[in-house]
Amino acid sequence: GRFMSTEDQLGAKAPGDIMEMFEGPSDEGLADEQRALVEAAKQTFLDLEKLTKNILLYGRDHQTTQRFQDKVYGALIELIGDAENIEFEVGPYEFTLFEQTVFENPNPERNYIYKLYLDGIRRLVFGRALTAEELSRFVDILFTDWDDVELFEDDSVTLLWSADLPSIQYSVLDNFA
């Protein structure tokens with residue numbers, strides 16, 4: 001008919017595209033190099049996930065835990081490569097790189113992505129001068145027990161700020177600071 005529905009005006013997607021809307025942008029527009037980085041980043045976060053499971057199972061100082069931490073550190077350094085840094089966007093439940101989801105945890109319970117997001121952090125940048133020690137302190141912050149009474153005045157931003165991490169930068173929404 002003569003009257004376009006508001007959906008038509010908004011350029012609604014055909015029903016076939018509905019899944020794509022939820023999956024986020026496809027990687028078609030990415031250069032091969034970027035696509036390779038996205039795949040490597042996914043692997044890095046999978047290793048980080050294994051590291052987290054090891055921390056919960058064996059504690060921070062167990063050799064298995066250390067091994068995974070070395071792996072994550074090596075992977076991050078490799079991701080940065082010759083660039084100055086690598087930058088991830090922080091969503092409520094996911095980290096993205098070039099608008100591609102590289103890690104996702106849909107459960108708000110004990111979810112450090114959700115916690116970072118809740119505290120206003122929208123971007124995490126790892127610089128090429130990253131040290132294993134900095135990564136270790138960063139991981140400690142991710143696994144903070146927020147139920148600890150002593151931390152009632154803190155959030156991930158204050159902890160990141162006080163941890164002295166020169167090679168890990170983050171951007172925080174103004175109204176959260």
Side-chain angles (χ1 to χ4, degrees), residues 7 10-57 65 68-128 130 134-144 146 155-157 159-160 165 167-176:
E7 271 186 69
L10 295 174
K13 290 180 165 246
D17 292 341
I18 206 103
M19 272 323 293
E20 257 176 50
M21 284 167 59
F22 294 108
E23 283 171 11
S26 84
D27 67 358
E28 279 168 32
L30 296 184
D32 289 345
E33 197 180 323
Q34 291 175 316
R35 202 171 286 141
L37 277 175
V38 167
E39 289 313 309
K42 286 179 181 174
Q43 191 53 56
T44 304
F45 282 109
L46 281 177
D47 287 337
L48 180 63
E49 187 65 3
K50 287 176 191 158
L51 171 60
T52 61
K53 289 195 168 84
N54 276 288
I55 290 173
L56 295 171
L57 282 171
T65 308
F68 272 110
Q69 179 146 321
D70 294 344
K71 201 174 173 188
V72 171
Y73 175 67
L76 267 174
I77 293 298
E78 210 166 297
L79 271 178
I80 298 164
D82 297 330
E84 283 302 302
N85 56 42
I86 188 149
E87 186 177 303
F88 299 101
E89 301 285 329
V90 180
Y93 301 106
E94 72 285 327
F95 291 134
T96 57
L97 176 65
F98 310 126
E99 298 188 350
Q100 304 297 309
T101 298
V102 289
F103 186 62
E104 172 169 41
N105 178 357
N107 177 5
E109 292 297 307
R110 292 191 67 91
N111 181 346
Y112 57 81
I113 307 176
Y114 187 64
K115 176 65 180 154
L116 292 171
Y117 185 85
L118 223 56
D119 291 340
I121 294 177
R122 292 297 177 268
R123 189 174 295 137
L124 279 174
V125 184
F126 296 91
R128 66 189 302 178
L130 181 72
E134 280 180 275
L135 179 65
S136 185
R137 289 201 296 267
F138 176 73
V139 168
D140 285 342
I141 291 168
L142 295 184
F143 296 101
T144 300
W146 294 106
D155 63 15
S156 29
V157 179
L159 293 191
L160 284 167
L165 305 168
S167 305
I168 302 177
Q169 287 153 345
Y170 47 91
S171 61
V172 183
L173 291 180
D174 289 345
N175 54 342
F176 280 81

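One-based numbering along the sequence shown.
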Is [X] reaching over with its side chain to a backbone N or O of [Y], donor-acceptor style, under 3.5 angstrom?
{"X": "Q34", "Y": "A31", "result": "yes"}
{"X": "D119", "Y": "V157", "result": "no"}
{"X": "Y114", "Y": "G91", "result": "no"}
{"X": "N111", "Y": "N105", "result": "yes"}

Query raised in the report: Run the side chain to side chain contact (heavy atoms under 4.5 Å, CB included) check on K115 and W146 step by step: do they pass?
Result: CA-CA 9 Å; K115 176 65 180 154; W146 294 106; 3.3 Å; yes
Query raised in the report: Hey, would you say the F126 and F138 ring centroids sit under 6.0 Å apart?
Result: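 Between F126 and F138, the centre distance is under 6.0 Å.
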Query raised in the report: Taking side chain as C-beta onward, heavy atoms only, is L30 less than 4.5 Å from Q100?
Result: yes
Report task. Find out whether T96 and F88 are in side-chain contact, i.e. whether some heavy atom of one side chain is under 4.5 Å from a heavy atom of the other. Result ->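 No, every pair of side-chain atoms sits at 4.5 Å or beyond.
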Which heavy-atom pair separates [X] from [Y] by the least distance, and what is that distance?
{"X": "I121", "Y": "S156", "result": "CD1-OG, 4.4 Å"}
{"X": "I80", "Y": "G127", "result": "CD1-O, 3.3 Å"}
{"X": "L79", "Y": "I86", "result": "CB-CD1, 4.0 Å"}
{"X": "L130", "Y": "I77", "result": "O-CD1, 3.8 Å"}
{"X": "R128", "Y": "A83", "result": "CD-O, 3.5 Å"}
{"X": "F95", "Y": "L124", "result": "CE2-CD1, 4.0 Å"}

To the closest 0.5 Å, what do you measure between [atom1] ([X]) and [atom2] ([Y])?
{"X": "L165", "Y": "Y170", "atom1": "CG", "atom2": "OH", "result": "8.0 Å"}
{"X": "L76", "Y": "N85", "atom1": "CG", "atom2": "CG", "result": "11.5 Å"}
{"X": "I55", "Y": "F68", "atom1": "CD1", "atom2": "CZ", "result": "11.0 Å"}
{"X": "T101", "Y": "K42", "atom1": "OG1", "atom2": "NZ", "result": "8.0 Å"}
{"X": "T44", "Y": "L51", "atom1": "OG1", "atom2": "CG", "result": "12.0 Å"}
{"X": "L57", "Y": "K50", "atom1": "CG", "atom2": "NZ", "result": "13.5 Å"}

Query raised in the report: Would you call R35 and D32 a salt bridge, taking side-chain N to carboxylate O under 4.0 Å as the test?
Result: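 Looking at R35 and D32, the cut-off is met.
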Query raised in the report: Can a salt bridge be assigned to the pair E49 and K53 using a cut-off of 4.0 Å between side-chain N and carboxylate O?
Result: yes
Query raised in the report: Passes side chain to side chain contact (heavy atoms under 4.5 Å, CB included), V72 versus Q69? Steps please.
Result: CA-CA 5 Å; V72 171; Q69 179 146 321; 5.7 Å; no
Requested in this report: Would you please classify the geometry between the F103 ring and the Y112 ring as parallel, tilted or perpendicular, with 30° and 60° separating the classes?
Outcome: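 Correct class here is parallel.
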Report task. Flag this pair as yes if the NZ/CZ of R122 is under 6.0 angstrom from the six-membered ring centre of Y117 and inside a 45 degree cone about the axis; otherwise no. Result ->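 Yes, R122 sits over the ring of Y117.
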Query raised in the report: In terms of heavy-atom contacts, does CD of E78 have more than 12 from other residues, nucleotides or ligands at under 6.0 Å?
Result: no
Requested in this report: Show the numbers, then the answer: is there a side chain to side chain contact (heavy atoms under 4.5 Å, CB included) between L56 and R110?
Outcome: CA-CA 12 Å; L56 295 171; R110 292 191 67 91; 3.6 Å; yes
Query - side-chain hydrogen bond (donor to acceptor under 3.5 Å, both in side chains) against S167, all qualifying residues, sequence neighbours excluded - result: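 With sequence neighbours excluded, S167 shows a side-chain hydrogen bond (donor to acceptor under 3.5 Å, both in side chains) to E134, given in chain and number order.
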Report task. Just jot down the side-chain hydrogen bond (donor to acceptor under 3.5 Å, both in side chains) partners of S171, sequence neighbours excluded, or say none. Result -> none
Query raised in the report: Partners of D70 by salt bridge (Lys or Arg N to Asp or Glu O under 4.0 Å), sequence neighbours excluded?
Result: none
Requested in this report: Apply the test side chain to side chain contact (heavy atoms under 4.5 Å, CB included) to residues L48 and L142: give CA-CA distance (whole Å), side-chain angles for both, the deciding distance (0.1 Å), then the verdict.
Outcome: CA-CA 11 Å; L48 180 63; L142 295 184; 4.3 Å; yes
